Amino acid sequence: MTIRLYDTSARQIRDFTPLQPGCVSIYLCGATVQAAPHIGHIRSGLNFDIMRRWFEYRGYDVTFVRNVTDIDDKIIAKSADQNRPWWAIGYENERAFNDGYHALGCRPPTYEPRATGHITEMVEMMRGLIERGHAYEADGNVYFDVRSFPGYLELSNQELDNLQQPSGAGETGKRDPRDFAMWKAVKPGEPSWETPWGRGRPGWHLECSAMAHKYLGTAFDIHGGGLDLVFPHHENEIAQAKAYGDDFARYWVHNAWVTMSGEKMSKSLGNSVLVSEMVKRWRPIVLRYYLGTPHYRSMIEYSEEALREAESAFARIEGFVQRVVEKAGAVEPAPEVPLAFAEAMDDDLGVPQALAVVHTTVRQGNSALAADDKEAAVARLAEVRAMLGVLGLDPLDPQWAGEGDRGEDLHGVVDTLVRMVLDQREAARARKDWPTADAIRDQLGQSGLVIEDSPQGPRWSLGPR
């Protein structure tokens, strides 16, 4: 058993070998909390939640760190526009992100540090970099000298001569326009902290280098984030950390975007789809299926039609689970997933191939039900639950308890009413009045109900919208 991952820095899939046997350390760039999350933001957390679950299934002890960037140019701009404290905006949106992660079944990280809680660590790192000749102070700013670090741009595979380094307002005194800010001098009305070089606030890249060092040490296994972070963020993180003396991350794993009309979903494009609104229209477990089952390195083109397809696909799985439970009672997950599922997951987290094994097993289970082979149906459900547990999609998991029925308080009332109509249909069938029986079934179908005739009698369920 060897897990293999695509390493952005190596530009190939590599066998995963942990620094410490039996343990995995993961640092994921989390939210910049200037606004509430859309589903593109949550995809990254969800992809790495599945990674974490698979490592845990394979017996690893996982330390998972996901940071919060709670000070940033955009947060400060929002503070000025809304005439609200920057920290209030950050905290409000941090809670919205955590609500989104929880709604879609992501487990809490081992540690979730905020940038503003680690100013001391950032100052220490800047002091060390200045002493080593990799950074310098100018006009109250502290910059990283990119020419001092020979490995700069190896992750993004760029040429230094062609580099266009993003710069913000007030970044004066640079020796080279390609140098990047680690610390920004104080400006009127902005939050600031005291340092040996004057008051100011941290640059984006410094935060993660300092927090990864504190929580995971000088070296750790996996650094993750969205594909858009390769440059400048992750490239600059590497430069700071390695110039400071850390070995830093051994594997770099990046998830692809959620797009709309071929463009990356973002607030600046005005095409964001907020998680808080999406969970009102779609069951959260369906959203998890939609965002989590494509390969993490594949783009997801958002559309209502694709969500409906995901809803229908998950309904087939959920329907099988419900039918077996109705027939056999509680069924515990199998101790091991099927071999084909494990092989797919070991191969760069091949969720689409793993999901194909789930659907094949569901079909086998449905065939067993049709043949009234209770033992085989129970065995298939045990395998399905084991696989869905790894993906965070087991409808019987307490995370989703009460979520699947869309209103448990109304279920009994609806069931009584539907049973009355089904009794009328059965009476029509008994007298061989097939047109009436078919008409009743069609009317129920138009109401959003799926009717299935089984050896135990007709059963109903809510169909996809």
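Everything numeric in this text was worked out from a predicted model, so none of it was measured.
For the pair R107 and Y101, the cation-pi criterion (under 6.0 Å, within 45° of the ring axis) is not fulfilled. Note that R132 lies in the cation-pi zone of Y244, set by a 6.0 Å cut-off to the ring centre and a 45° limit from the axis. Judged by a 6.0 Å distance limit and a 45° cone about the ring axis, R66 is not positioned over the six-membered ring of Y111.
The pair D73-K184 meets the salt-bridge criterion, with a side-chain N (NZ, NE, NH1 or NH2) lying under 4.0 Å from an Asp/Glu carboxylate O. A salt bridge links R178 with D161: at least one charged nitrogen is closer than 4.0 Å to a carboxylate oxygen.
Across R297, H223, H234, a single residue satisfies side chain to side chain donor-acceptor pair (under 3.5 Å) together with H254, and that is H234.
A side-chain donor from one of D179 and Y136 sits under 3.5 Å from a side-chain acceptor of the other. Remark: the D72 side chain and the T32 side chain contain no N/O donor-acceptor pair separated by less than 3.5 Å.
The two atoms that bring W400 and D394 nearest to each other are CD1-O, 3.1 Å, heavy atoms only.
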Output, in order, the C-alpha distance, side-chain angles, deciding distance and verdict of salt bridge (charged side-chain N to carboxylate O under 4.0 Å, His left out) for D145 and K174.
CA-CA 9 Å; D145 181 354; K174 285 186 180 183; over 6 Å; no

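With hydrogens and angles ignored, the 3.5 Å screen pairs a side-chain donor or acceptor of Q399 with a backbone N or O of H102. Between the side chain of R250 and the backbone N or O of F220, no donor-acceptor pair lies under 3.5 Å.
In this view, S303 and E305, A306 satisfy the side-chain contact (heavy atoms from CB on, under 4.5 Å) rule, not counting sequence neighbours.
Ring geometry for F97 versus H41: interplanar angle of 30 to 60°, hence tilted. Relative orientation of the Y251 and F16 rings is tilted, given thresholds of 30° and 60° on the angle between their planes.
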